[in-house]
Amino acid sequence: MRLDRRSLLIGGGVGVGLLVAWQLFADDDPRVPVPEGGTAVGGLVALDPQGGITLHSPQVEYGQGIWTAFSQAIADELGARMEGISVQPLQAGSGFANPLIEEAFGTEVRLTAAATSVRAFTLDIRRAAASIRSLLLEEAGERSGAEVNSLLIANGEIRAGETVFGFGDLAEGAARRGARAAKLRPWAGGGVIGTSPPRVDTAPKMRGTFAFAADVRLPEMVHAAARVAPPGGRVTRLDRAAATATPGVVELVEAPDFVAVVAETGWAAERALKAADVRVTSAPLDDAAIASRLEEALAADDGRRLLDIGNADAVLDAADAPLLADFRAAPLIHHGLEAPSATARPRNDGGLDIWAATRAPDATRGAVAAACGLSAGAVQLVPMGIGDPSGRFLENDAAPVAGRLALRLGRPVQLRLAHGAADRTGPLAPPMAARIEVALGGGGIAGWRAHYAAPAALGASLARIAKGDAASRLGADGLPYSIPSQAIATTTLDLPMRNGWHRGREAAFHALASETMIDAAARALGREPLSFRIGLLGGDVRMARLLTRLAAASGWDGGGSGSRMGVACARLDGSRIALIAEASGSAANFRVTRLVAAVDCGAMVNPRLVEQQVAGGMLAALQELRLTAPRILDALPRGNAPIGPALRDLPEIEIYTTPSGDLPGGVSNLGAAILPAAVANALGNAGTGQGPALRSLPFSVSA
């Protein structure tokens, strides 16, 4: 594909640079901010006239290190220095829908979630960088008279014998050439992929220059605090006099779905909102009703089949005394470090500028536009960095309210929702139930039948933000084992509560149910649990390698009676993980002393990022296991305050990465998904040696 020179120009007046995006060459709609006088085609990677490289990131940084991984892909493919690459988040309306989300849910939406970023965008970023590399090499070859194949490109320079060109020397000439496809280097061919350079977001975070939504400061800006009614609810009561009597209050704004207090400071706004004592309505749903609906769904056994191999129904129906167990998971509140906030500024043209934390920038922009009666094009949204890895910011309830307040007052408004209020009305990880039946035979497992019941999680969020399919995919990852007859079905419940995605939660429940049943089957057959798993893997050499390495690294003791070790493994997001946990105590009072994990996520961009994500996910899941389940009253959660382990109680963590030649897989869900199952198996061994009786999340529900 070729483009005219104008469509590749960027910089306007001070020189020219180069902007390239793969798969978007034919798109005439500018996708990135362009300086006045410049033009650009939608892009991912830009080279400025001075040789600086900019990654226009389609994915949001929430601490997972995606900006670093993408920058490594550029540096490796282009022959650039990591320190020469800057990152600019793409504004809302920039396109770049997540292809993996579209494939799984049939929903076209730009989204950072579900361990999809590396898998969805790294190849396109490499292609864009390769196109720039090709153009720079052609320009250097023409200037030096050397054959392009003889040129060396590395560290931001091109060498033609004794002649050295910097990228800035070649940028204008390269921009005159037509962009086209270029051959990719071999994986890690530039020597940057597969290494662990410093994260690009660490230094600005340490300096305090990495901006979050609450850091935005604008002239004449006021602060607001709000109480938002849950979906379908409304405000029923507030004390206007008490709120407006609070010093510093500018205005009290009441709407059917929210109450907001605007003040000169955030502290004054929060104080006035508390004095207002706002009350809202919600749906008539409680714990008993949820439990009843889950049980009815399991008893009906009419879920959608996600997996059907062999004839599991016939095998289970003919089995003598199959193993049978029920599992439950309570709803889970997002306990993030960052509360939902947004800053909105009205423009003279009647539009809005808004800064907000969001994993779905285009959807958030659409929600703001709809709430304010504007077209999406009238709203310019800048997605800010996110201080919460759990998934709370797939939706941002503060953004539409901030926009409405800014238009009403005619001045910039920064709105922050208090943690407690956001926890109560924000999306919950849904309640879940499972019934698993296992038929033994021939010294192994002959049949497996699993029925899950739950409201949708990620599907529910997508249905709200992008009109996606709100079906539950609980159990869709299947088993990592070659059992001859398998059937997995899921019933999606429609409950009047706001459910949404939480990192690794569905996968953790699926792993808890399946991996504790694998342990139960091993013990019923008199088999050692780890080698029993290896025997069930069939041709999965990658998982067998992980389990073998894990046994050696952990000093696996067989997991017999009195052992404090438990093992579990999972195949998830194109990756594999196996974990051995050492734990002791009871469901109500347990301690995990050691975690040894082996991970194969295919071709790794950055081993240290993999280790950070797996360790962080395990620690987050460990904290969630210590929670008491929230009570649900009127479809809203009560209680469930986070209780983190003391530093002295943190386990020793060892993570062994085993790269393979497969495509890169996702890693952000792995640690959170596998930890509960391994800990449950460890506690079961340490107790009776007959396997775990822990069949609930959090564990305290089983106590």
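Between Arg449 and Asp301 no salt bridge is recorded (no basic side-chain N to carboxylate O distance below 4.0 Å). The pair Arg293-Asp494 does not meet the salt-bridge criterion, since no charged nitrogen lies less than 4.0 angstrom from a carboxylate oxygen. By the 4.0 Å N-to-carboxylate-O rule, Asp540 lies too far from Arg542 to be salt-bridged with it. Under a 4.0 Å N-O distance rule, the pair Glu77/Arg127 does not qualify as a salt bridge. Taking 4.0 Å as the cut-off between side-chain N and carboxylate O, Arg199 and Glu61 count as a salt-bridged pair. Look at Glu295 and Arg435 and you find a salt bridge, because one of the NZ, NE, NH1 or NH2 atoms lies within 4.0 Å of a carboxylate O, short of that distance.
Between His334 and His502, the ring planes lie parallel to each other; the angle is under 30°, not in the 30° to 60° tilted range.
Not a single donor-acceptor pair under 3.5 Å links the side chain of Arg626 to the backbone N or O of Phe699. With hydrogens and angles disregarded, a donor-acceptor distance shorter than 3.5 Å links the side chain of Gln72 to the backbone of Thr195. Remark: the backbone N or O of Ala677 is not paired with any side-chain donor or acceptor of Glu515 at under 3.5 angstrom.
Between the side chains of Thr658 and Asp600, no donor-acceptor pair of N or O atoms lies under 3.5 Å.
Between atom OG of residue Ser117 and atom CD1 of residue Ile66 there is a gap of 4.5 Å, rounded to the nearest 0.5 Å.
The cationic atom of Arg359 (NZ for Lys, CZ for Arg) lies less than 6.0 Å from the six-membered ring centre of Tyr62 and within 45° of the ring axis.
Each salt bridge (Lys or Arg N to Asp or Glu O under 4.0 Å) pair with one or both residues in residues 472-481, not counting sequence neighbours, would appear here, but there are none.
Every residue meeting the side-chain contact (heavy atoms from CB on, under 4.5 Å) condition with Ser71, not counting sequence neighbours, appears here in chain and number order: Leu55, Met82, Ile85, Val87, Val200. Evaluation of the side-chain contact (heavy atoms from CB on, under 4.5 Å) rule for Leu307 yields Ile309, Gln486, Ile488 as partners, not counting sequence neighbours.
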